[in-house]
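Each remark here refers to the structure printed beneath this line.
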Amino acid sequence: GHRPSIVFKTKSVSTNGVPENVIVSQRFLAGELAPNYLVSKNISVGLYYLFGHGFENDATRNTHFIALRSNFSNIKLSENVFLRFNPQVFYLKVDDQDGFYATYALTLAMKKFPISISNIVNKAIHSEITAKDFDWNVSLIYSFSKDYVIR
């Protein structure tokens, strides 16, 4: 489960006939299940389910996210360079709209080097949800060593 969350957004309102933008808050609760099966040291598969509920009438009321996920780690390219590949297919229902999607994350990293590069690709298979049909990004990641972990 999650602690209650508050999402802030800007909303246009009229005060004494004068329009102005104000920041309003919306309350949400969410819960999740994430069973995972370790096939081998570097391969796992699992399901993920997330349910979210918004309390305000002008916000998303109910969200269901169900995913079939997998993880392939330590795909060796050379002695010090490796890949991590995380494909998944998922179903998303936001109030009365829903869709099926495929996505993956691919990370290229080096042993004993704190910087890695990753990309995420998301493709709608069939969707009623207003969003891009295809979306992607590239990330540059810095990983702190164990010396910087707060205990």
- line: What one should report as the nearest heavy-atom pair of Y104 and P87 is CB-CA, 3.9 Å
query: How many angstroms lie between CD in Q88 and CG in N122, if you round to the nearest 0.5 Å?
result: 8.5 Å
query: Angle class for the H53/F55 ring planes (parallel below 30°, perpendicular above 60°, tilted otherwise)?
result: perpendicular
query: Once you round to the nearest 0.5 Å, how far does CG of N57 lie from CD of Q26?
result: 10.5 Å
statement: dist S127:OG -> K132:NZ (nearest 0.5 Å) comes out at 14.5 Å
- prompt: Looking at F144 versus Y142, is the centre-to-centre ring distance below 6.0 Å?
  reply: yes
message: Once salt bridge (charged side-chain N to carboxylate O under 4.0 Å, His left out) is applied, do any residues pair with K41, and if so which ones, sequence neighbours excluded?
response: none
- prompt: Is any side-chain heavy atom of I125 closer than 4.5 Å to a side-chain heavy atom of Y101?
  reply: no
query: Would F65 and F90 count as a close aromatic pair, with their ring centres under 6.0 Å?
result: yes
- line: Result for side chain to side chain contact (heavy atoms under 4.5 Å, CB included) between L92 and one of L50, T63, D98 points to T63
Single-linkage hydrophobic cluster V89~I129, side-chain heavy atoms < 4.5 angstrom: no
message: For a 4.5 angstrom cut-off between non-hydrogen side-chain atoms, does Y48 reach I66?
response: no
- request: Look only at the side chain of K93 and the backbone of D95, and say whether a donor-acceptor pair between them is shorter than 3.5 Å.
  value: yes
query: More than 12 foreign heavy atoms under 6.0 Å from NZ of K9: is that the case here?
result: yes
task: Give the intermediate values and the outcome of side chain to side chain contact (heavy atoms under 4.5 Å, CB included) for residues L33 and L47.
output: CA-CA 8 Å; L33 294 171; L47 292 172; over 6 Å; no
Backbone of S12 reached by a side-chain donor or acceptor of E20 within 3.5 Å: no
query: Which heavy atom of H64 sits nearest a heavy atom of Y49, and at what distance?
result: ND1-OH, 2.7 Å
message: With a 4.5 Å cut-off on side-chain heavy atoms, are F51 and N62 touching?
response: yes
- request: Find out whether I115 and I141 are in side-chain contact, i.e. whether some heavy atom of one side chain is under 4.5 Å from a heavy atom of the other.
  value: no
- request: Taking all heavy atoms of N74 and all of N42, pick out the closest pair and write down the distance.
  value: ND2-OD1, 3.4 Å
- request: Determine which pairs satisfy salt bridge (charged side-chain N to carboxylate O under 4.0 Å, His left out) with at least one residue from residues 119-130, sequence neighbours left out, and list them in order.
  value: K123-D133
field: Atom CZ of R84: over 12 foreign heavy atoms under 6.0 Å
entry: no
query: If you group Ile, Leu, Val, Met, Phe, Trp and Tyr by side-chain heavy-atom gaps below 4.5 Å, do L106 and L140 land in one group?
result: yes
- prompt: Side chains of V81 and L108: does their closest heavy-atom pair fall under 4.5 Å?
  reply: yes
task: Considering non-hydrogen atoms only, spot the tightest contact between I6 and S25 and give its length.
output: CG2-CB, 3.4 Å
- request: Answer yes if V7 and V94 sit in the same cluster of Ile, Leu, Val, Met, Phe, Trp and Tyr residues linked by side chain heavy atoms under 4.5 Å apart, and no otherwise.
  value: no
- line: Here the ring-ring contact (aromatic ring centres under 6.0 Å, His included) pairs for residues 7-40, sequence neighbours left out, are none
message: For V18, is there any backbone N or O sitting under 3.5 Å from a side-chain donor or acceptor partner on T15?
response: no
query: Can you find a heavy atom in the side chain of V39 that is under 4.5 Å from one in the side chain of V45?
result: yes
query: If Ile, Leu, Val, Met, Phe, Trp and Tyr residues are connected whenever their side-chain heavy atoms lie under 4.5 Å apart, and connections chain through other members, are F113 and V138 in the same group?
result: yes
query: Where do R27 and E56 come nearest, in terms of heavy atoms and distance?
result: N-OE1, 2.7 Å
- request: Look up atom OG in S44 and atom CG in L38, then write down how far apart they are to the nearest 0.5 Å.
  value: 6.0 Å
message: Do N86 and N71 pair up side chain to side chain, a donor and an acceptor below 3.5 Å, judged on atom types alone?
response: yes
- prompt: Of the non-hydrogen atoms in A105 and I120, which two are nearest, and what is the gap between them?
  reply: CB-CG1, 4.0 Å
- request: Sort out for me which residue in S73, S118, S139, S116 forms a side-chain hydrogen bond (donor to acceptor under 3.5 Å, both in side chains) with T107.
  value: S118
- prompt: How about H126 and F100: are their ring centres within less than 6.0 Å of each other?
  reply: no
